[in-house]
Number of protein chains: 2
Amino acid sequence: MTSLGEYALLDQSWHDVVPDAARRMLIAAAQAFADKGYHATTTRDIAARAGMSPAAVYIHYRSKEDLLFQISRIGHERSLKVLTGVQDPDPVDRMARTVASFARWHAEFRTTARVVQYELGALSPEHHAVVAELRRKIETHVRSMVEEGVRSGAFTVPDLKGTSLAVLSLCIDVARWYRPDGTRTPEQIGSLYADLVLRMLRTP
Amino acid sequence: MTSLGEYALLDQSWHDVVPDAARRMLIAAAQAFADKGYHATTTRDIAARAGMSPAAVYIHYRSKEDLLFQISRIGHERSLKVLTGVQDPDPVDRMARTVASFARWHAEFRTTARVVQYELGALSPEHHAVVAELRRKIETHVRSMVEEGVRSGAFTVPDLKGTSLAVLSLCIDVARWYRPDGTRTPEQIGSLYADLVLRMLRTP
DNA sequence: CTTATCTCTAAGCAACCGCTTAGTATGTCG
DNA sequence: CGACATACTAAGCGGTTGCTTAGAGATAAG
């Protein structure tokens with residue numbers, strides 16, 4: 001029920017959530033939302049996955065939507081950290097390593113990533129605004145990395161904004177198609193995607 | 001309510017659906033599913049969008065899931081047709097034109113595409129098997145196009161299956177991020193994507 | 001006219017939804 | 001020990017869900 005195997009698909013960020021029961025509930029909700037979608041998940045599902053009664057959800061969270069918001073917020077923050085955490089003086093190497101780790105994250109922590117990428121619409125307008133700001137930062141960061149490469153002469157792109165969006169889109173969609181039982185490891189997907197993106201961007 | 005403006009985001013395939021009320025119901029359902037998701041849409045929503053009573057849904061369809069299946073099936077068939085409809089003796093030109101029209105379709109008919117790509121999980125096992133077969137054909141077709149280019153020497157890829165999946169993934173994800181009020185037209189997205197994909201695949 | 005068929009609606013049923021209430025067990029501090 | 005706070009459950013409330021039933025209106029054939 002709470003084996004390491006199930007937790008392996010979740011990001012390490014959850015360790016900060018206290019108390020213990022609140023964290024178990026959040027993890028149960030993330031797994032349920034990723035598996036069936038927010039609207040198809042009932043609060044009874046979540047409580048059962050956490051091994052508690054339906055009412056226990058409301059000890060630690062205001063509502064079902066609050067659970068989604070916490071998962072989405074923490075997930076977006078982690079995703080942004082993965083994206084911006086790579087430092088490298090060379091724009092090409094930086095892009096390659098960033099794409100590799102960002103794409104890899106979407107495979108390895110697919111459970112979190114799916115909630116982050118596909119359940120935005122279920123957030124309240126106020127909560128949506130919070131994660132929308134984080135998403136804007138993600139888009140801006142990718143674009144500025146492409147821009148830097150273009151300035152250095154290493155990259156040549158026909159449409160800066162559109163190409164940046166395509167790079168980001170490619171990485172994000174990993175969360176949709178990746179299956180843990182497939183032939184490729186998250187690491188291998190990261191390497192492949194870094195290579196493909198450099199080919200897309202590099203000056204011929 | 002039933003202006004051309006709203007219908008413009010839907011594929012032309014729907015014209016085959018008869019009788020008239022059944023088609024209106026299917027289009028209303030597709031719009032609702034694309035907008036809010038299958039599980040967040042009620043049969044009363046669908047009926048109201050079609051301008052009929054809640055019970056009218058069940059005159060033409062067995063269930064809410066049956067509506068989803070019809071949309072998903074017709075959408076997948078259309079999507080496959082768009083993908084395989086391009087004929088060109090040159091593997092490079094064929095790939096470019098195919099990617100352009102496939103990516104363009106996901107932008108132009110975003111309503112249909114979103115149901116096709118993001119509501120698979122809500123189908124019954126039997127219905128899911130039907131569209132899964134169509135999806136396999138789509139994947140196979142992209143891979144054989146890449147393969148053909150590699151054989152001709154025009155393309156060089158490190159991982160045939162993985163790269164083909166990435167090309168397909170890039171086009172599909174257009175349905176997630178595209179907004180009709182954006183600066184790029186579906187046509188422009190198609191052109192950009194065709195260019196980006198060729199850069200990904202071409203022998204240096 | 002009657003009869004049959006098709007398409008639709010008004011009303012409603014059983015089940016399920018998110019969430020609340022009332023109460024219990026456990027631990028902590030004085 | 002009693003007083004209080006915390007974390008939980010059993011039970012259930014009001015509202016909504018997908019779907020059904022009974023019947024009305026329209027049309028067309030006999």
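Naming convention: chains lettered A, B, ... in sequence-line order (proteins, then strands); numbering from 1 in each chain. Values in this document were obtained by computation on a predicted structure and should not be read as measured data.
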Integer-rounded Å distance: D/dT6 P and A/His60 NE2:
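In whole Å, D/dT6 P and A/His60 NE2 are 12 Å from each other.
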
Walk along nucleotides 16-22 of chain D from 5' to 3' and tag each nucleotide B, S or - by protein heavy-atom contact under 4.0 Å, base first, then sugar-phosphate.
-BBBB--

Outermost DNA chain C nucleotides near chain B [under 4.0 Å, heavy atoms]:
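Extent of the interface on DNA chain C: C/dC8 to C/dG12.
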
When rounded to the nearest 0.5 angstrom, what distance separates CZ in A/Arg73 from CG in A/Asp66?
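Those atoms lie 9.5 Å apart.
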
Taking side chain as C-beta onward, heavy atoms only, is A/Thr112 less than 4.5 Å from A/Arg78?
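With C-beta onward as the side chain, the pair stays apart.
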
With heavy-atom distances below 4.5 Å as the criterion, would you say the side chains of B/Val174 and B/Trp105 are in contact?
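No. Closest side-chain heavy atoms not under 4.5 Å.
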
Does B/Lys161, at its NZ atom, have more than 12 non-hydrogen atoms belonging to other residues, nucleotides or ligands within less than 6.0 Å?
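For B/Lys161, atom NZ is not crowded (no more than 12 foreign heavy atoms under 6.0 Å).
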
With sequence neighbours left out, which residue pairs that include part of residues 20-54 of chain B fulfil the ring-ring contact (aromatic ring centres under 6.0 Å, His included) condition?
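Every ring-ring contact (aromatic ring centres under 6.0 Å, His included) pair that includes a residue of residues 20-54 of chain B, provided the two are not neighbours, is B/Phe33-B/Tyr38.
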
What are the two closest non-hydrogen atoms of A/Arg135 and A/Val116, and how far apart are they?
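Looking at all heavy atoms of both residues, the shortest contact is NH1-O, 3.6 Å.
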
Residues B/Arg184 and A/Asp159 bridged, charged N to O under 4.0 Å:
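Here B/Arg184 pairs with A/Asp159 in a salt bridge, since their nearest N and O are under 4.0 Å apart.
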
For B/Tyr193 and B/Trp177, take the angle between the two ring planes, folded into 0 to 90°, and tell me which bin it lands in: parallel under 30, tilted 30 to 60, perpendicular over 60.
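Rings of B/Tyr193 and B/Trp177: tilted, as their planes differ by 30° to 60°.
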
